[in-house]
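Report on the following structure.
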Amino acid sequence: MAGKRTRATIKDVARRAGVSPTTVSHAFSGNGTVAAETAERVREAARELGYRPDTVARGLRSSRLGVLGLVVRPLDPSDTAFLEGVDYFLRFAGSAALAAVERGYGLMLVPDPTRADAPAVGLACDGFLITEPVENDPLITMLDCECVPFLGVGRDPARPASPDYLDLGTARIVADVLDHLAASGGTRVAAVLGTDRNEWNLDAETAYLDWVRARGQQPLAVRRAEVAGEAGGREAGEELFDLASPPDAVYCQTGRHAAGVLAAARARGIEVPGDVRIACGSDSDSEHTRSCVPPITAVDLRPVHLARTAVAVLADRVEGIEPPVPGPAEYELVVRGSTRG
């Protein structure tokens with residue numbers, strides 16, 4: 001956290017625009033009378049200085065509010081239905097809320113404050129947790145510039161040297177699942193990967209490519225957007241099983257993709273696990289992994305423990321404490337019928 005830039009103040013904006021601090025305040029709040037040309041000059045000065053024109057949030061933050069913000073990167077207004085029933089995020093948010101209360105904070109689930117339509121209260125937090133930051137995440141850029149404490153649950157792939165994240169241990173997780181598929185009889189292992197530019201997907205792809213090449217196997221990877229869900233997984237399965245030499249094991253990033261691959265196999269009369277083994281890197285979609293026939297082997301990412309760890313680290317940072325960031329997150333491979341002969 002050391003060496004970060006001092007956040008621009010209203011006085012800095014006033015000096016840059018050649019007006020008084022009161023005029024700057026009125027330009028952003030709508031109080032008083034400010035000429036349109038002057039207001040535009042103030043806004044331009046604010047943009048140049050990286051000043052966030054959010055008087056509500058700045059006023060609240062002048063003395064600690066006692067609230068931590070949680071930004072769930074996949075939670076977009078057009079995709080909220082996609083997260084319904086996604087066990088990982090529900091368990092993570094619930095555990096984080098309880099852990100925050102134990103530390104004397106409230107936890108607020110907020111939309112990305114960098115969005116143009118984000119509510120003003122979105123920045124009125126003492127610190128932020130950001131799950132699955134995307135590459136060159138704009139929220140991390142904003143918080144870094146404004147010296148607001150934050151912690152990524154997963155790293156921003158464009159900031160590999162940053163200390164401001166919890167290590168999900170993605171490469172180790174993927175390698176363990178692939179080893180299990182091989183131990184259960186898989187000799188030609190394919191992967192159905194996601195498309196979001198985050199650590200989970202990018203590290204998983206690298207780990208898969210390293211694993212197959214170390215065993216002299218040609219990579220056999222297809223990609224489907226996470227929001228494509230089970231239908232996207234079924235399309236991926238059809239693509240793989242239509243090959244002249246189809247895989248006898250498939251690793252999937254999400255439970256919905258895995259359920260779709262299983263459906264594609266069954267539609268073709270392919271026995272699971274007799275002819276093909278299927279495993280998933282996350283047990284987050286419980287209805288899709290545990291309720292399938294056969295149920296799908298998957299990784300329990302232990303979101304309850306991960307959330308408590310994340311809140312503890314962020315609360316320490318808000319309070320000016322800088323303990324070492326914990327090592328890779330804990331997880332457990334839950335073996336089920338899709339790979340058990």
Side-chain angles (χ1 to χ4, degrees), residues 1-9 50-52 54 56-73 88-89 91-114 121-134 137-170 172 198-200 301-331:
M1 305 287 286
K4 293 187 178 179
R5 228 168 43 192
T6 301
R7 186 169 62 233
T9 68
Y51 175 83
R52 180 70 173 177
D54 187 338
V56 174
R58 286 178 57 77
L60 288 171
R61 201 183 291 128
S62 62
S63 60
R64 189 172 297 162
L65 182 64
V67 174
L68 304 178
L70 172 60
V71 176
V72 178
R73 262 283 165 245
Y88 174 89
F89 291 109
R91 291 169 65 196
F92 184 96
S95 178
L98 292 175
V101 169
E102 291 172 7
R103 285 292 297 258
Y105 295 88
L107 183 79
M108 181 166 59
L109 180 63
V110 296
D112 178 1
T114 66
V121 75
L123 266 178
C125 299
D126 300 315
F128 287 83
L129 289 179
I130 309 167
T131 69
E132 303 293 345
V134 296
D137 197 294
L139 179 55
I140 289 179
T141 299
M142 173 190 288
L143 297 176
D144 206 26
C145 288
E146 297 195 8
C147 303
V148 178
F150 67 89
L151 186 72
V153 182
R155 76 177 190 285
D156 177 340
R159 298 172 168 94
S162 169
D164 302 318
Y165 75 96
L166 292 184
D167 184 1
L168 298 179
T170 303
R172 185 164 52 105
N198 55 33
E199 174 196 343
W200 178 238
L301 297 173
R302 297 188 175 176
V304 171
H305 179 268
L306 182 62
R308 297 187 69 85
T309 301
V311 168
V313 173
L314 179 61
D316 281 347
R317 290 185 166 198
V318 168
E319 294 163 14
I321 304 169
E322 288 289 340
V325 175
E330 299 178 3
Y331 65 92

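Scope of the values below: all heavy atoms of this structure, side chains included, with no hydrogens, waters or symmetry mates. One is the number of the first residue; the rest follow in order along the sequence.
Residues F150 and R317 share a closest heavy-atom pair of O-NH1, 3.4 Å. Contact record, L139 with T114: CA-CG2, 3.6 Å, taken as the closest heavy-atom pair. The two residues E199 and G154 make their nearest non-hydrogen contact at OE1-CA, 3.0 Å. Of all heavy-atom pairs spanning N198 and P157, the tightest one is C-CG, 3.7 Å. Closest heavy-atom contact between A312 and R103: O-NH1, 3.6 Å. Shown here for L306 and A329, the closest heavy-atom pair between the two residues is CD1-CB, 3.9 Å.
Distance check: L151 CG to I140 CD1 gives 9.5 Å after rounding to the nearest 0.5 Å. Remark: R155 CZ to D137 CG distance equals 13.5 Å, nearest 0.5 Å. In this structure, W200 CH2 and T131 OG1 are separated by 13.0 Å, a value rounded to the nearest 0.5 Å.
Applying the side-chain contact (heavy atoms from CB on, under 4.5 Å) rule to A99 yields the partners R308, V311; only residues at least two apart in sequence or on another chain are considered.
Formation of a donor-acceptor pair under 3.5 Å by the E132 side chain with backbone atoms of R73 is not found in this model. Remark: the backbone N or O of P133 is not paired with any side-chain donor or acceptor of D156 at under 3.5 angstrom. In this structure a side-chain-to-backbone donor-acceptor pair under 3.5 Å is present from D126 to V67. At distances below 3.5 Å, not a single donor-acceptor pair connects side-chain atoms of D316 with backbone N or O atoms of V313.
The shortest distance between side-chain heavy atoms of I130 and L143 falls below 4.5 Å. Put simply, the side chain of L168 does not reach to within 4.5 Å of the side chain of Y331, judged on heavy atoms. Side-chain atoms of L301 and F92, non-hydrogen and from C-beta on, never get closer than 4.5 Å to each other.
Checked by atom type, the side-chain pair R302/S95 shows no donor-acceptor distance below 3.5 Å.
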L68/L129 under side-chain contact (heavy atoms from CB on, under 4.5 Å): CA gap, chis, key distance, verdict: CA-CA 8 Å; L68 304 178; L129 289 179; 6.0 Å; no

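By the 4.0 Å N-to-carboxylate-O rule, R159 lies too far from D164 to be salt-bridged with it.
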